[in-house]
Amino acid sequence: LNGYVGFANLPNQVHRKSVKKGFHFVVMAVGESGLGKSTLVNTMFNSRLIPEKEEVPPSTETPQTVAIQNISADIQENGVKLRLTVVDTPGFGDFVNNEESWKPILMDIESRFDSYLAQETRANRTKFVDNRVHACIYFIAPTGHSLRAIDIEFMKKLHTKVNLIPVIAKADTMTEDEIDAFKARILADIAHHNIQIFRPTSDSFDDPETVAENREILSKMPFAVVGSEKEVQTPDGRMVRGRKYPWGVIEVDNEEHNDFVKLRQMLIRTHMEELKEYTNLTLYENYRTAKLLSLGK
Ligand code: GDP
Ligand code: MG
């Protein structure tokens, strides 16, 4: 596929390290049913992820509302292994009372911190696994209005626990102008509510290429994405992953059509290490400190 970024393009050092150890990267997909979570995940990794055996819920207190489902896959691209776990959250926002839809998701994230903490304090560290959630893609319905109460509530409850990456779902259902206006509204709402989303940061040590790349990513946020597992024929005869309309084809892998490529690049190529580092050094560290303090009381 054209413009499909392979792991071979990773910086050499990261590449070599990953060949040896393999990545383990945990991405969570949250949003109402039907917003295209499963489709996007399958599109992103170009493969159907296999559901693992049902995991025990993180806590017996988990309300029977939002289900937490882990799907994992070992993905191999140009000899680099990526162990990917996607945490899907069917049921989010699907109930009559959605006030606490965020709760089981928060509990899942925290229980992953807890098991990491338990491993850290254990003597035998040979089988150390990092199952912490490194990024949370939050799907916003393509309404064109502002964020809804459930969106704001979720992000407010979760933004100190996970790297939030809001995306506009099913962007092919909106016009370009509508998307631009919707993006501006969403960013204004996010700022108004003091919600912290993941943003690539540059510092004075970064090379100009990185700075430009980060600026480009920032300019597209929140990403407006289109997913499709099907190949369709364009009017000029190419076969592409996309969605077909009477007036033409929206191409998944075309940056002129939507921000899917940017999202994928950011997650898997340019910012995976940064997402993992921020999870470890800031989000987890804050959780751990608060937890140990409360235990000491
Ligand atoms: P989930 O419930 O969030 O996992 O959503 P699914 O991935 O199961 O998708 C629900 C429906 O939306 C399916 O019929 C998909 O084909 C369709 N769908 C998924 N992604 C897109 C998209 O980007 N645009 C449009 N128009 N439809 C989509
Ligand atoms: Mg699904």
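Just so we're clear, the structure is a prediction, and the values are computed from it rather than from any experiment. Counting starts at 1 for both ligands and their atoms, in listed order. Below, each value reflects all heavy atoms present in this structure, side chains not excepted, and no hydrogens, waters or symmetry copies.
Residues passing the side-chain contact (heavy atoms from CB on, under 4.5 Å) test with Gln196, sequence neighbours excluded: His159, Tyr278. By the ring pair (Phe, Tyr, Trp, His ring centres under 6.0 Å) test, Phe223 is found to be paired with no residue, residues two or more places apart in sequence or in another chain being considered.
Salt bridge status for Arg269 with Glu213: present, with a side-chain N to carboxylate O gap under 4.0 Å.
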Could you go through ligand 1 and list every pair where one of its N or O atoms sits under 3.5 Å from a protein N or O, giving the atom names and the distance to one decimal?
from	atom 1	to	atom 2	distance (Å)
ligand 1	2 (O)	Gly34	N	2.7
ligand 1	3 (O)	Leu35	N	3.4
ligand 1	3 (O)	Gly36	N	3.1
ligand 1	3 (O)	Lys37	N	2.8
ligand 1	3 (O)	Lys37	NZ	2.8
ligand 1	4 (O)	Ser38	N	3.0
ligand 1	4 (O)	Ser38	OG	2.8
ligand 1	5 (O)	Gly36	N	3.0
ligand 1	7 (O)	Ser38	N	3.4
ligand 1	7 (O)	Thr39	N	2.8
ligand 1	7 (O)	Thr39	OG1	2.5
ligand 1	12 (O)	Lys170	NZ	3.2
ligand 1	16 (O)	Arg243	NH2	3.2
ligand 1	23 (O)	Gly227	N	2.9
ligand 1	24 (N)	Asp172	OD1	2.7
ligand 1	24 (N)	Asp172	OD2	3.3
ligand 1	26 (N)	Asp172	OD1	3.4
ligand 1	26 (N)	Asp172	OD2	2.8
ligand 1	27 (N)	Arg243	NE	3.4
ligand 1	27 (N)	Arg243	NH2	3.3

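With no hydrogens or angles considered, no side-chain donor-acceptor pair links Tyr116 and Asn131 at under 3.5 Å. For the residue pair His271 / Asn214, a side-chain donor-acceptor distance below 3.5 Å is found, with atom types taken as modelled.
For Phe92 and Phe154, the ring centers sit closer than 6.0 Å to each other.
Around the Mg ion (ligand 2), the protein contributes the following N, O or S atoms at distances under 2.8 Å: Ser38 OG.
Counting heavy atoms from C-beta on, the side chains of Lys170 and Val226 never come closer than 4.5 Å.
A salt bridge (Lys or Arg N to Asp or Glu O under 4.0 Å) with Glu251 holds for exactly one of Arg238, Arg241, Lys244; it is Arg238.
For Thr279 against Arg132, the heavy-atom pair with the smallest separation is CG2-CB, 4.3 Å.
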